[in-house]
Amino acid sequence: MTTRKYKELVEERTRETLQKWSEQSAVEEKDIYRFLHNLKGTSGTVGLDTVEAFSGNALLYFSDDQHRSWTEAEWGDYIYPVLELFEERESLGAVPPLTPGIALSHGNVHQQYEILIVDDDVELVAFLRESLERESYYVSIALSAGRGLKLFYENKPDLILLDILLPDRSGIDVLKQIIGKAKKERIPIIMISGEHSIEVQKYAYSLGVMDYIQKPVDIDLFLVLIKNRFELKKEWQESIIVDELTGAFNRKYFNQTMKQLISDFRRTGRTFSLALLDLDLFKQVNDTYGHLMGDEVLQSFSEVVKQSIRTEDTFCRYGGEEFALFMPNTPAEQALLVMERIQEVFAAREFQAKRESFHVTFSCGVTEVNGEMQDADILVEEADLALYASKHNGRNQSTLYSQDLLLGQRETLLNVIIVDDDPLIRRMVTTHFAAWQPGTNARVKVASYADGALLLKSDWYAPEEKYVILLDGVMPGLDGLEVLEKIRSGYPEVNILVIMLTGRNNQRDIIHALQMGADDYVIKPFHLPELLTRIERLAHRFLF
C-alpha cells in the first residue's frame, strides 16, 4: 500500500470520528486524548507532518485520566482545525516504503557497533541514544545496575557508557564486577558522571576505565570521542588473533584459516573437515552458577579440546559459547570420531560451584570440503545444520552433514505481534512485515490486537516459537505497561522480545517500560524501515 493511500486513510478515519462525535451530546475527555495520541503517531509515521504537529499541540489540553465530558462547542475549537490541514494536501514523499524481503544477515547487523548505556537519567539517555543512532551506532539502555549487568553478560556490547550514581548500586561497584571480563573481551568502558571530583576520576582510571566524561556532555566532542575509541578498537581487533579468555584463536583467524585451506584445496586437492562445537544449555550455567563460573567452563572446554587435537589442527572461538575446529587432511568420517572422543572426555569433567558438582556437554556438526563445494559460507551453513541436528536429537552428540539433513531442516517461526488500538498502525505493520524474510530457516507470522486484554485472553503463546511484540503504551482498558508486566510475569523472557511504542514526551513511560523488562522502545511517529532495523537487531538473538 502506498504512502498516499495511508494518508487518505488517516483523513478518512479522522473525518468519520469527528462526524460520529458531532452526533453525540458529549465526548469523554479520555477518548479525545486517545484520538489525538493516535493521530499524532500515525500522521507522523505516514508523513503528515503538519497534522502531527497540530495533534501534539492539541494533546496539551487533554488528559487520559480525566472523567470530564466535552460538548461539540467545547472540543470543536481544538479539533476541527485539523480538517483544514488535510484540505491543504501536504506534499507526498517523507516516508520511504519498506522493501519486501529484507533479510537478516550475519554481516550487516553485527557490523554495526553496539553501545550499552547504563544511566538512570532518562532524558540524557534518550538524547544520547538519538545522537548515537544518527551516527549508525546501535544503542541498548539500562536504567539500573542490575539491568546493565544482565545486558552486559547477555549481549556483549562493543562499548559501555557507565554512570557512577545508579538507583540500586554504585557504578563503581558495577565497574569492579565487569572490568576483568571487559578487558578480556576488549570492551572499552567510559564513565559518564556529574561527579567532578579528581579523586573519583583517578580511582575510576585506576580500575581500568578508558575515559571519564563529565556531565553536562558536549555532544559534538562526545561523538568524536566515541568514533575515536571505535577506530582504536578496530585496530586492536585487526592486530590480535587469539581470544584472551579461552586461548583459542578468534573469529578473525578463523576467516584467515578458512580462506587458506580452501585455496590449498583448489591448488592441491588436499581435503579438510570443519567442525562447529556449541556448549549445551550454557545459559543455564551462567544463570545458575554465575558468569565467572561460565568463564571457567569455557576455559576448561578450550583446554580439553586443545589437548585432544594435533598441531596442524586449528581451534577457534567462533562466538560466545560456539567454537570451530579445522582438521586438515582429515575426511569427515574420521573427524567425526575425533569429536566423539573429545565429547566423552569433556562430559566426564566435573565442575564445582555453590557446594554442588555439575557436568557440561557440547554438541557438534561436521562437514568437509569437496570438489563441488568450496564456498566458505556454505561450508559453515552445512556444519551449522549438522550442529542443529545434534541439538535437536538430544545434545551431547556429533552429526555428520548430509543432504538428508536438508529434508528434515526445522523452520524457526518468528511471531511479530502488534498491539495497538490504532487500526491504521496495525494495518501498516501487518502489511509490511507479512513480506519480511528474516532468513533461510525462519518464517514470519504476523498478528495484531486492538488492545492488550485481547492479546492476553487469546491463545497466542507456544513454547517452541519466538516472539517480537510491538506494544503501544497508551491503550483503552489495559495500558501497555500493564500488559508488559503480565507478559514478563507470566511467560519466559527468553522467548519474547518486547518493543514499546511511546510518545516523544512520555519519558515516564519509557522509564517504567525499561525497568519492567522492555527490550527496546520506539518513539511515535516512527518510520517503518527504522522499526524493521530495531527488530532485526533484536531478532538476531533468536535466529542465529
Side-chain angles (χ1 to χ4, degrees), residues 1-22 27-66 70 72-98 122-123 126-127 129-131 133-134 219 420-429 470 472-475 479-480 500-510 521-531 534:
M1 188 179 293
T2 64
T3 302
R4 178 187 295 274
K5 182 61 176 178
Y6 283 131
K7 291 180 177 182
E8 292 173 352
L9 288 172
V10 172
E11 179 179 355
E12 178 183 341
R13 187 190 63 184
T14 301
R15 292 185 181 277
E16 288 177 353
T17 300
L18 298 187
Q19 177 63 36
K20 176 183 174 182
W21 285 358
S22 68
V27 180
E28 293 292 319
E29 179 165 348
K30 63 181 181 181
D31 293 333
I32 300 174
Y33 178 88
R34 290 189 180 119
F35 164 77
L36 289 169
H37 178 272
N38 287 340
L39 182 60
K40 178 177 182 293
T42 308
S43 59
T45 297
V46 303
L48 292 168
D49 298 332
T50 58
V51 175
E52 177 203 353
F54 172 88
S55 305
N57 291 331
L59 266 174
L60 300 175
Y61 298 97
F62 302 93
S63 171
D64 64 342
D65 58 4
Q66 297 294 325
W70 292 63
E72 182 181 9
E74 293 173 325
W75 61 257
D77 290 339
Y78 294 96
I79 310 297
Y80 276 136
V82 74
L83 299 178
E84 299 175 5
L85 300 179
F86 287 118
E87 292 169 358
E88 292 174 4
R89 299 295 180 190
E90 299 183 67
S91 60
L92 303 176
V95 182
L98 185 65
V122 70
E123 286 80 10
F127 173 65
R129 187 181 97 154
E130 185 175 342
S131 301
E133 292 194 340
R134 278 201 300 265
I219 192 62
D420 196 308
D421 61 325
D422 186 331
L424 185 54
I425 288 289
R426 296 199 305 273
R427 184 190 296 189
M428 291 170 61
V429 171
L470 309 175
D472 189 23
V474 178
M475 293 183 291
D479 68 18
M500 295 297 297
L501 306 179
T502 181
R504 181 172 298 275
N505 296 321
N506 207 342
Q507 300 289 350
R508 179 188 63 185
D509 282 357
I510 294 174
Y521 69 90
V522 172
I523 294 172
K524 288 185 175 182
F526 56 84
H527 288 180
L528 284 166
E530 173 197 351
L531 184 61
R534 307 204 75 82

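Only this structure's heavy atoms are used, side chains among them; waters, hydrogens and symmetry mates stay out.
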Reported [atom1]-to-[atom2] distance for the pair [X] and [Y], which is rounded to 0.5 angstrom:
| X | Y | atom1 | atom2 | answer |
| --- | --- | --- | --- | --- |
| L39 | R34 | CG | CZ | 15.5 Å |
| L85 | D49 | CG | CG | 11.5 Å |
| L36 | T17 | CG | OG1 | 10.5 Å |
| Y33 | L60 | OH | CG | 9.5 Å |
| I219 | E130 | CD1 | CD | 10.0 Å |
| L501 | D472 | CG | CG | 6.0 Å |

Checklist entry - Any idea which heavy atoms bring G76 and P81 closest together, and the distance? => result O-CD, 3.7 Å
Checklist entry - If you look at every heavy atom in V27 and W21, which pair is closest and at what distance? => result CG2-CG, 3.6 Å
Item to check | Basic-acidic side-chain contact under 4.0 Å: E11, R15 | outcome: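 Yes.
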Next on the checklist: Salt bridge or not between K524 and D420? Use side-chain N to carboxylate O under 4.0 Å.
Outcome noted: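 D420 and K524: salt-bridged.
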Checklist entry - Would T50 and F54 satisfy side-chain contact (heavy atoms from CB on, under 4.5 Å), going step by step from the backbone distance to the final call? => result CA-CA 6 Å; T50 58; F54 172 88; over 6 Å; no
Next on the checklist: R13: which residues meet the salt bridge (Lys or Arg N to Asp or Glu O under 4.0 Å) condition with it, sequence neighbours left out?
Outcome noted: D422
Checklist entry - Of all residues at least two apart in sequence or in a different chain, which pass the salt bridge (Lys or Arg N to Asp or Glu O under 4.0 Å) check with E74? => result R68
Checklist entry - Can you list the residues that meet the ring pair (Phe, Tyr, Trp, His ring centres under 6.0 Å) rule with F127, with sequence neighbours excluded? => result none
Next on the checklist: Under a 3.5 Å cutoff, is there a donor and acceptor pairing between the side chains of E72 and Y80?
Outcome noted: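 Their side chains do contain a donor-acceptor pair, which is all the 3.5 Å distance test asks for.
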Next on the checklist: Is the terminal nitrogen or CZ of R534 (NZ for Lys, CZ for Arg) located under 6.0 angstrom from the six-membered ring centre of Y521 and within 45° of that ring's axis?
Outcome noted: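 Pair R534/Y521 does not count as cation-pi.
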Checklist entry - Would W75 and F62 count as a ring pair (Phe, Tyr, Trp, His ring centres under 6.0 Å) if you check the C-alpha gap in whole Å, the side-chain angles of each, and the deciding distance to 0.1 Å? => result CA-CA 10 Å; W75 61 257; F62 302 93; 9.4 Å; no
Checklist entry - So do the side chains of F86 and L48 get within less than 4.5 Å of each other, counting heavy atoms only? => result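 Yes, side chains in contact.
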Next on the checklist: With a 4.5 Å cut-off on side-chain heavy atoms, are S55 and V51 touching?
Outcome noted: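 A side-chain contact under 4.5 Å exists here.
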Next on the checklist: Run K40 and L59 through side-chain contact (heavy atoms from CB on, under 4.5 Å) and show every step you take.
Outcome noted: CA-CA 9 Å; K40 178 177 182 293; L59 266 174; 3.9 Å; yes
Next on the checklist: Please determine whether side-chain contact (heavy atoms from CB on, under 4.5 Å) holds for the pair D479 and V474, giving the CA-CA distance in whole Å, both sets of side-chain angles, and the decisive distance to 0.1 Å.
Outcome noted: CA-CA 5 Å; D479 68 18; V474 178; over 6 Å; no
Checklist entry - Step by step, would you call I79 with F35 a side-chain contact (heavy atoms from CB on, under 4.5 Å)? => result CA-CA 10 Å; I79 310 297; F35 164 77; 4.0 Å; yes
